[in-house]
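In this text, all values refer to a predicted model and were calculated from it rather than measured experimentally. Each chain gets a letter, A, B and so on, in the order its sequence line appears, and its residues count up from 1.
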Amino acid sequence: MTPALLSALLAAREAKKPVVLATRLPDGAQTLLPDDRSGSDPVRSAALAALADDATREVAVGSERWLFQPYNPPLRLVVVGAVHIAQALVALAPALGFAATVVDPRRSFATPERFPGIALSDAWPDEAMATLGPDSRTAVVTLTHDPKLDDPALDRALRSEAFYVGALGSRKTHAARLDRFRALGHGEAALARIHGPIGLAIGAVTAPEIALSVVAQIVAVRRRAVAA
Amino acid sequence: MNTVEIEDVLTVAASWARAGERVALATVTQTWGSSPRPAGSQMAITSSGKMAGSVSGGCIEGAVAEAGLKTIETGIPAELQFGVTNERAWEVGLACGGQVRVFVERLG
């Protein structure tokens, strides 16, 4: 990889811009797509397909072999409720490749002392969600137990492309939540997107264990595992 | 805690290169059967002996590092294949019986 290409790749990652490093095998000729206009159309479209799938792969393009390495922006985890479980959750997130944001308008909860180095928002959850704009690489988790805070966030999450939506609360709490969302006009398909009670069934008791079960469920959904 | 992925070998390799190290980057391009690390897994090595990341469960890292040192010298990329059908299997093959192909290039 030439110094110029390495700089361009690092700059794109810094700017959170999705790019694909395309390498012709075995000679190692390289180009950074989609910016570099020199790539032929078949190479370009195969590269963009790899980017969409977020999967590194070798592809035969005509008589050539190409390696496509997608560099997508980090996955995001939006946590509503700066509670004890949130502290455990944001501690696990970076190791799994997630950049976490914690949303809680109650200022004594969402403090830098409780969440060092984590992006915090004290906006009301629906406003925070509008600003954050969850996309297909975003997971949204609500933890407040308070419908005034959880519901606006979940409502926005269901109207977004968030790949994972999860809500803390018992089966009974969740059934009541679903009734409220039906009243708001959400269809059954949308409601089925909410993972509630949240997390994989690993018998979690402590906050870190619950956080682990939530992260495990997010990974399972992202990797399309049967366990999800 | 920072938000950099533990497996972000490229960032580590780039920082080494910026610090004046001579660096090679190895990337898994294809796997067959039960190989331990998926396509896209990376390992970086320097001529001074630093190493980050992995391209297998530890079975072929030595051979890949050797190829990396050669590529650092020559600038010529290499494509390596490891597996039970490979003659080198008895030396540095994958114990799991899978096959893996690795592309090695000089960085910067």
Side-chain angles (χ1 to χ4, degrees), chain A residues 1-14 16 19-30 50 53-60 65-77 87-101 115-119 223, chain B residues 1-32 35 37-46 53-55 64 67-68 70-72 74-81 99-108:
Chain A
M1 198 184 312
T2 64
L5 193 65
L6 178 60
S7 304
L9 176 53
L10 294 175
R13 294 186 71 188
E14 185 68 32
K16 301 194 191 315
V19 290
V20 187
L21 176 63
T23 305
R24 190 171 61 200
L25 300 173
D27 71 355
Q30 285 177 323
D53 292 347
D54 199 22
T56 292
R57 62 190 173 213
E58 189 182 316
V59 179
R65 286 189 300 126
W66 284 84
L67 172 66
F68 298 119
Q69 293 168 264
Y71 288 90
N72 274 301
L75 296 159
R76 288 190 296 164
L77 172 64
Q87 290 176 290
L89 199 50
V90 300
L92 293 177
L96 281 305
F98 286 84
T101 301
F115 293 91
I118 299 292
R223 300 298 187 191
Chain B
M1 190 173 291
N2 61 39
T3 55
V4 174
E5 280 186 61
I6 282 174
E7 296 196 350
D8 194 353
V9 175
L10 183 73
T11 303
V12 175
S15 70
W16 286 344
R18 263 198 308 276
E21 298 264 14
R22 303 170 73 207
V23 186
L25 190 63
T27 306
V28 175
T29 61
Q30 280 213 63
T31 67
W32 297 263
S35 61
R37 306 281 284 123
S41 302
Q42 290 189 312
M43 178 174 111
I45 62 146
T46 70
S54 73
V55 288
V64 172
K70 201 168 150 202
T71 292
I72 285 173
T74 62
I76 301 166
E79 211 178 4
L80 314 171
Q81 184 156 340
Q99 290 183 59
V100 58
R101 201 145 68 193
V102 179
F103 178 71
V104 182
E105 63 188 305
R106 187 162 72 182
L107 189 72

Tell me, do [X] and [Y] make a side-chain contact under 4.5 Å, heavy atoms counted?
X: A/Q69; Y: B/L10; answer: no
X: B/T11; Y: A/R13; answer: yes
X: B/E79; Y: A/R65; answer: yes

- Message: So for B/T27, is it side chain, backbone, both, or neither that comes closer than 4.5 Å to the heavy atoms of chain A?
- Response: side chain
- Sort B/L25 into side chain, backbone, both or neither according to what part of it lies under 4.5 angstrom from a heavy atom of chain A.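 Just the side chain, heavy atoms under 4.5 Å.
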At what distance, to the nearest 0.5 angstrom, does [atom1] of [X] lie from [atom2] of [Y]?
X: A/L10; Y: B/R18; atom1: CG; atom2: CZ; answer: 6.5 Å
X: A/T2; Y: B/L107; atom1: OG1; atom2: CG; answer: 9.5 Å
X: A/E58; Y: B/T31; atom1: CD; atom2: OG1; answer: 11.0 Å

[X] versus chain B, heavy atoms under 4.5 Å apart: side chain, backbone, both or neither?
X: A/L5; answer: neither
X: A/S7; answer: neither
X: A/F68; answer: neither

- Tightest non-hydrogen contact, residues A/G28 and B/P77, listed as CA-CG, 4.2 Å
- Message: I'd like to verify something: which residue of A/L67, A/T23, A/L25, A/L9 has the highest number of heavy-atom pairs under 4.5 Å with chain B?
- Response: A/L25
